[in-house]
Amino acid sequence: MTTTSSDSAATAVSVRGLRRVFPVRGRPDVVALDGIDLDVAPGEFVSLIGPSGCGKSTLMRLVADLDDPTTGTIAVFGKTPRRARLDHDFGVAFQQSALLPWRTVSRNIALPLELAKVDSGEVKRRIGELLDMVGLSQFGDHYPDQLSGGMQQRVAIARSLAERPKLLLMDEPFGALDEMTRERMQTELARIAGESGAAVILVTHSIPEAAFLSDRVVVMSPRPGRIVDVVDVGLGDQKERTEDLREASGFFEAVKRIREALHGVEGAAPKAAEQR
Amino acid sequence: MTRGRRLHPALSGVLGILVLVLLWEGYKLIGPEKGWLVGKTRVLPRASDLAMPHVSTMISRLFEPTVGASTPPLWQTVLKAAIKSLGIAGVGWAVGTIIGLTLAMLMQRFVTARSAILPWVVLSQTVPLIAIAPLVRRWGAQLHLGSLQWHDWMSVSFIASYLAFFPVAIGALRGLASPAAAHTDLMRVYGASNWQVLRSLRFPAAVPYLLPALRLGAASAVIGTVVAEVSIGLRGGIGRMIIEYAQAASADPAKPWAPIGAAVLIGLVAASVVGLLGWCLRDYQRGENNA
Ligand SMILES: Nc1ncnc2c1ncn2[C@@H]1O[C@H](COP(=O)(O)OP(=O)(O)OP(=O)(O)O)[C@@H](O)[C@H]1O
Ligand SMILES: [Mg+2]
């Protein structure tokens with residue numbers, strides 16, 4: 001799957017030699033990411049997994065043009081991240097749902113469309129579709145403080161899909177949810193990703209979550225954050241990822257492989273700590 | 001949002017007035033007629049009818065003519081003055097609010113503006129009001145802006161706005177800077193312009209900070225108006241009336257209490273206006289989570 005072709009427009013995201021160093025006053029600089037090469041194909045679902053502090057969020061922020069690399073390049077659909085951001089090529093959903101508390105669910109979902117000055121008739125139609133998609137048709141007029149955490153997160157996902165982006169960047173979107181809600185949300189995300197055909201980069205700490213959703217799982221090492229392994233999961237088409245999959249032997253096999261890859265990393269962690 | 005229901009504001013207002021009346025009459029009942037002196041210092045006021053007329057006397061005085069038999073009843077004269085002062089304070093409050101918001105927007109947007117303006121904003125409030133009031137009047141009189149003529153009431157409004165802009169500027173600055181990084185990041189991802197960020201995020205987020213600031217600004221504007229009316233010598237407002245009636249108090253002890261009550265009333269009206277504003281903006285005071 002990893003394409004090395006120079007035609008980066010054919011990839012959703014293409015990262016080359018990426019390095020991000022944070023200067024810290026009075027102490028040695030923090031190398032958050034080093035030597036990251038990564039390609040994500042259109043429609044592909046890629047998870048990032050790794051110990052806390054290994055730079056997953058930093059990588060997401062770089063792709064989303066919320067931060068600038070120290071060295072290296074990022075192309076999003078063959079453009080600079082800035083161009084892609086201004087073209088509304090991607091949507092984001094992060095751990096905090098970051099809903100605006102003074103807006104109703106509908107108006108929160110409409111926010112990206114309003115900012116892009118989409119005409120109001122179209123906005124209305126799109127809100128209806130999105131509410132249906134995330135199963136919140138009854139809750140359009142509710143305010144965020146009237147929703148459960150899981151529902152808030154679904155609103156955030158609906159908002160990220162508002163402009164039909166071809167790329168979704170998700171940083172632990174289900175981190176704050178209980179296990180049951182989380183599994184239901186994963187199933188829904190698999191369906192939504194399948195329906196929208198968007199490529200997804202998902203940061204997660206959950207091995208089963210990564211196994212269930214991903215085409216590929218990128219395993220990262222602790223500081224300096226590097227890619228140490230890429231596990232091809234390939235449990236089939238997104239649309240076939242239903243609850244049954246959680247019982248399938250292929251799923252357990254994938255969980256085992258990701259765990260092994262990750263444990264190889266964790267084993268290396270004390271050594272990395274000594275080197276500091 | 002507080003879930004526990006508090007007393008209705010109107011009810012607690014009535015209750016407050018009732019307590020005040022009870023204290024007043026209670027003190028008149030038990031307090032010494034000549035007050036209480038320790039050495040030469042009076043520690044308790046005189047409870048005589050001259051110093052502390054009965055509440056009933058004050059109320060009935062309202063319905064007697066202002067000075068002579070042919071003059072309108074006192075309440076009408078006082079109300080007219082109160083409305084004038086309220087208008088002046090209102091203009092001052094509005095102008096002060098606009099200036100405060102503008103300064104806050106500038107300071108929020110540009111770091112250099114912030115370090116240039118903020119110290120002056122704070123310093124401005126250390127200038128004593130009594131000192132600047134006559135100066136403002138003098139400067140105003142020399143001002144010629146086309147056909148605009150500077151009136152004394154404008155000097156009073158100016159001083160009211162001078163006091164009102166401060167809490168608004170400080171409150172708005174804090175409010176505009178209050179959105180979390182997650183929210184500003186979101187606006188950036190969606191390519192929002194500066195103006196869109198201000199309108200869709202910063203202003204709504206500032207409302208909970210702005211409302212107390214506006215309330216404080218309104219109170220400052222009222223106090224500033226009353227004091228400036230006295231110190232500039234503007235006729236027709238409640239400030240001058242308090243002084244004039246107080247000078248005639250020995251002959252008519254209940255009379256000065258009418259404009260004092262009216263000043264309190266102006267403050268209540270100002271507070272209610274802000275309260276109404278808060279009610280209109282109640283959606284902007286919602287919390288983010290239900291937990
Ligand atoms: N703005 C910053 N300034 C300084 N250091 C930073 C900054 N942002 C991140 N870092 C450092 O970079 C490293 C990677 O942080 P990052 O948030 O990307 O980790 P993460 O993999 O997302 O961790 P987690 O799984 O806990 O969310 C950390 O050591 C962190 O301290
Ligand atoms: Mg993180």
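Chain letters run A, B, ... following the sequence lines, proteins first, then strands; residues in each count from 1. Note that the structure is predicted; figures quoted are calculated from it, not measured.
A 4.5 Å side-chain heavy-atom check between B/Y190 and A/R85 finds every atom pair outside the cut-off. Side-chain contact check for B/L281 versus A/W102: every heavy-atom pair is 4.5 Å or farther apart.
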Please test A/F90 against B/V189 for side chain to side chain contact (heavy atoms under 4.5 Å, CB included), starting from the C-alpha separation and ending with a verdict.
-> CA-CA 8 Å; A/F90 55 83; B/V189 164; 3.9 Å; yes

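Within residues 192-199 of chain B, the residues having any heavy atom less than 4.5 Å from a heavy atom of chain A are, in residue-number order, B/A192, B/Q196. Residues from residues 155-162 of chain A that place a non-hydrogen atom less than 4.5 Å from a non-hydrogen atom of chain B comprise A/R159, A/S160, given in numerical order.
The nearest pair of heavy atoms linking A/L100 to B/S200 is CD1-O, 3.9 Å. Between B/R188 and A/D65 the shortest heavy-atom distance is NH2-O, 2.9 Å.
More than 12 heavy atoms of other residues, nucleotides or ligands lie within 6.0 Å of CD in A/E122, so this atom counts as buried by the packing criterion.
The contact between B/A205 and chain A is made by backbone and side chain atoms together, counting heavy-atom distances below 4.5 Å.
Considering only heavy-atom pairs separated by less than 4.5 Å from chain B, the leading option among A/R103, A/E114, A/R61, A/E163 is A/R61. No other option in A/L111, A/V92, A/L86, A/D87 has as many heavy-atom pairs under 4.5 Å with chain B as A/V92.
To the nearest 0.5 angstrom, A/Q96 atom CD is 8.0 Å from B/H183 atom NE2.
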